[in-house]
Colleague: 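Here it is, the structure in full.
Any value given below was found using the heavy atoms of this structure, including those in side chains, with hydrogens, waters and symmetry copies removed.
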Amino acid sequence: MVSDFDKSLVEKYIPVNKQKKALKKLEKGYPIQYLIGDVDFYGYTIKVDERALIPRFETEGLVDNLIKLIKTQTNYPALKILEIGTGSGCIAITLSKELDTTVDALDISKDAIDLASSNAVLNNANVNFALGDIKNCTISKKYNILVSNPPYVKYDEPVDTATKYEHQNALFALNNGLEFYEIILKRSKEFLASKNIIAFEIGCTEGQDIANIAKSYYPNAYIQVKKDLAGKDRYIFIINE
């Protein structure tokens, strides 16, 4: 069943000769964002297709909270930001534009890197994209900001029908959704300066578990779990001063 709202979007954004086919796709749960081809993210136009996850409102909250946090810090004479798992590039692009800095961004998927690169060009953002797997890639720079929205959905967790059209490797994680937080935090000491901020989007039941993992690697850090607009735990910030 296609909602009246989605029907109105099809009528507005899809050529008339393609609307019937688009509606049939929507009836099967295909994401309206992929049909339209772009989304608004923090005021920036981000092209989307099946090469990467669709940016969510929750991720805008991650970016907004991180920008505010960075602006309250005086520890960093120069921002050096790394994003792990960039997908469409929406986080890296927004941070680059809003903080007027260059961002480095990593992803395991060449298709995602290609999409993200086109989005950086579209938004005139200074982002260096690199293909690599955080499990074993070499990162030679030192950063003071690390941000990631890694896969965190548990394999037995119910999800929306539309997500079956998105990259499953970018959604699901082992170890009850904690797999990549453990990997990233373990490796982070190799490429983070002593004073740093680590910012994650998280599953709404994972906050305490991730805080415990963070404490095992950064016992003196200030750790804050923050809620999204729905009142659910959605972000964690690990601050090493």
Colleague: Side chains of Tyr44 and Glu98: donor-acceptor distance under 3.5 Å anywhere?
Modeller: yes

Colleague: Pairing donors with acceptors under 3.5 angstrom, does anything connect the side chains of Glu50 and Tyr30?
Modeller: yes

Colleague: With a 6.0 Å cut-off (strictly less than), is the heavy-atom count around NZ of Lys80, excluding the residue itself, greater than 12?
Modeller: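 No, because the 6.0 Å sphere around NZ of Lys80 holds 12 heavy atoms or fewer from other groups.
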
Colleague: Is the positively charged end of Lys189 above the ring of Tyr218, judged by distance under 6.0 angstrom from the centroid and angle within 45° of the axis?
Modeller: yes

Colleague: With rounding to the nearest 0.5 angstrom, report the CG to OG distance, Asp114 to Ser109.
Modeller: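 Output value for this atom pair is 8.0 Å.
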
Colleague: Tell me whether Leu82 shares a hydrophobic cluster with Ile236, the cluster being built from Ile, Leu, Val, Met, Phe, Trp, Tyr side chains joined at under 4.5 Å.
Modeller: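 Shared cluster, yes.
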
Colleague: Does any part of the side chain of Ile134, heavy atoms only, come nearer than 4.5 Å to the side chain of Ile139, both counted from C-beta?
Modeller: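 Side-chain contact under 4.5 Å: yes.
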
Colleague: Does the side chain of Asn65 pick up a donor-acceptor pair with the side chain of Lys226 at under 3.5 Å?
Modeller: yes

Colleague: Which is it for Val16 and Gln19 under the side-chain contact (heavy atoms from CB on, under 4.5 Å) test, yes or no, and what are the steps along the way?
Modeller: CA-CA 5 Å; Val16 173; Gln19 288 181 7; 4.1 Å; yes

Colleague: If only atom types and distance count, is the side chain of Asp107 paired as donor or acceptor with the main-chain N or O of Ala112 below 3.5 Å?
Modeller: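 A pair under 3.5 Å: no.
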
Colleague: Evaluate the side-chain contact (heavy atoms from CB on, under 4.5 Å) criterion for residues Ile145 and Ile70: first the C-alpha distance (whole Å), next the side-chain angles of each, then the deciding distance (0.1 Å), finally the verdict.
Modeller: CA-CA 9 Å; Ile145 308 293; Ile70 289 171; 3.9 Å; yes

Colleague: Given side chains that start at C-beta, do those of Lys195 and Glu241 come closer than 4.5 Å, heavy atoms only?
Modeller: no

Colleague: Evaluate the side-chain proximity of Val127 to Thr102: yes if any heavy-atom separation is below 4.5 Å, no if none is.
Modeller: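 Side chain of Thr102 against side chain of Val127, heavy atoms only: no contact under 4.5 Å found.
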
Colleague: Could you tell me if the side chain of Leu185 sits less than 4.5 Å from the side chain of Ile238, heavy atoms only?
Modeller: yes

Colleague: Do Tyr181 and Asp209 have a side chain donor and acceptor closer than 3.5 Å?
Modeller: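 Distance-only check fails for Tyr181 and Asp209.
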
Colleague: Is there a chain of hydrophobic side chains (I, L, V, M, F, W, Y, each step under 4.5 Å between heavy atoms) that links Leu131 to Val103?
Modeller: yes

Colleague: When you check the side-chain N and O atoms of Asn196 and Asn144, is any donor under 3.5 Å from an acceptor?
Modeller: no

Colleague: Do Ile108 and Leu106 share a hydrophobic cluster (ILVMFWY, side-chain heavy atoms under 4.5 Å, transitive)?
Modeller: no

Colleague: Does either side chain, that of Thr86 or that of Glu83, offer a donor lying less than 3.5 Å from an acceptor on the other one?
Modeller: yes

Colleague: For a quick test of reading the model, state the closest non-hydrogen atom pair linking Leu35 to Lys25 and the distance between them.
Modeller: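 Closest approach of Leu35 to Lys25, heavy atoms only: CD2-CD, 3.9 Å.
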
Colleague: Whether the side chain of Asp64 engages the backbone of Glu60 through a donor-acceptor N/O pair (distance < 3.5 Å, no angle test) should be reported.
Modeller: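 The answer is no, because no donor-acceptor pair under 3.5 Å joins these two groups.
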
Colleague: What's the verdict on side-chain contact (heavy atoms from CB on, under 4.5 Å) for Asp38 and Ile46, showing C-alpha distance, side-chain angles and the deciding distance?
Modeller: CA-CA 5 Å; Asp38 61 60; Ile46 302 295; over 6 Å; no

Colleague: Drop me the distance from Leu66's CG to Lys71's NZ, to the nearest 0.5 angstrom.
Modeller: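 Going from CG on Leu66 over to NZ on Lys71, the span is 11.0 Å.
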
Colleague: Tell me if a side-chain donor or acceptor on Ser96 pairs with a main-chain N or O of Ala92 at a distance below 3.5 Å.
Modeller: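 No, Ser96 side chain to Ala92 backbone: no donor-acceptor pair under 3.5 Å.
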
Colleague: If you group Ile, Leu, Val, Met, Phe, Trp and Tyr by side-chain heavy-atom gaps below 4.5 Å, do Ile67 and Leu69 land in one group?
Modeller: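 Cluster IDs for Ile67 and Leu69 match.
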
Colleague: Over all heavy atoms of both residues, which pair between Leu26 and Pro31 is shortest? Give the atoms and the distance, please.
Modeller: CD2-C, 4.3 Å

Colleague: Counting neighbours of NZ on Lys21 that are heavy atoms of other residues, nucleotides or ligands and sit closer than 6.0 Å, is the number greater than 12?
Modeller: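 At most 12 heavy atoms, drawn from other residues, nucleotides or ligands, come within 6.0 Å of this atom.
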
Colleague: How close do Phe180 and Pro150 get, heavy atom to heavy atom, and via which atoms?
Modeller: CB-CB, 3.8 Å

Colleague: Which pair of non-hydrogen atoms, one from Ala120 and one from Phe129, has the smallest distance, and what is that distance?
Modeller: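 Looking at all heavy atoms of both residues, the closest pair is CB-CE1, 3.7 Å.
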
Colleague: Does a side-chain heavy-atom distance below 4.5 Å link Tyr143 with Leu79?
Modeller: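 The answer is no; the side chains never approach within 4.5 Å.
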
Colleague: If you apply the rule side-chain contact (heavy atoms from CB on, under 4.5 Å), what do you find for Ser188 with Ile198, and how did you get there?
Modeller: CA-CA 9 Å; Ser188 64; Ile198 303 170; 4.2 Å; yes

Colleague: Consider side-chain contact (heavy atoms from CB on, under 4.5 Å). Of Ile184, Asn149, Val225, which one does Phe200 pass it with?
Modeller: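 It is Ile184, the one option of Ile184, Asn149, Val225 that forms the side-chain contact (heavy atoms from CB on, under 4.5 Å) with Phe200.
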
Colleague: I'd like to know whether Arg51 forms a salt bridge (Lys or Arg N to Asp or Glu O under 4.0 Å) with Asp111, so could you lay out the CA-CA distance, the side-chain angles of the two residues, the decisive distance to 0.1 Å, and finally the verdict.
Modeller: CA-CA 6 Å; Arg51 288 177 287 178; Asp111 286 342; 6.0 Å; no

Colleague: Take atom NZ of Lys186 as the centre, draw a 6.0 Å sphere, and report whether it contains more than 12 heavy atoms from other residues, nucleotides or ligands.
Modeller: no

Colleague: For the residue pair Asn220 and Asn240, establish whether any side-chain heavy-atom pair is separated by less than 4.5 Å.
Modeller: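 Answer no - side chains too far apart.
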
Colleague: For the residue pair Cys137 and Arg187, establish whether any side-chain heavy-atom pair is separated by less than 4.5 Å.
Modeller: yes

Colleague: Please work out whether the ring planes of Phe237 and Tyr235 are parallel, tilted or perpendicular, with thresholds of 30° and 60°.
Modeller: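 The rings of Phe237 and Tyr235 sit tilted, inter-plane angle from 30° to 60°.
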
Colleague: Are more than 12 heavy atoms, taken from residues, nucleotides or ligands other than Asp100, located less than 6.0 Å from that residue's CG atom?
Modeller: no

Colleague: Output yes when a side-chain donor or acceptor of Asn123 lies under 3.5 Å from a complementary backbone atom of Ala125, and no otherwise.
Modeller: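 No, the answer is negative, given that no donor and acceptor are paired below the 3.5 Å cut-off.
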
Colleague: Determine, using the 4.5 Å side-chain heavy-atom cutoff (strictly less than), whether Val147 and Phe57 are members of one ILVMFWY cluster.
Modeller: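 Different hydrophobic clusters.
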
Colleague: Would you call Ser88 and Leu53 a side-chain contact if the rule is heavy atoms closer than 4.5 Å?
Modeller: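 The answer is no; the side chains never approach within 4.5 Å.
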
Colleague: To the nearest 0.5 Å, what is the distance between NZ on Lys20 and NZ on Lys24?
Modeller: 5.0 Å

Colleague: So, for Ile223 and Ala214, which heavy atoms are closest and what is the spacing to 0.1 Å?
Modeller: CD1-CB, 3.7 Å

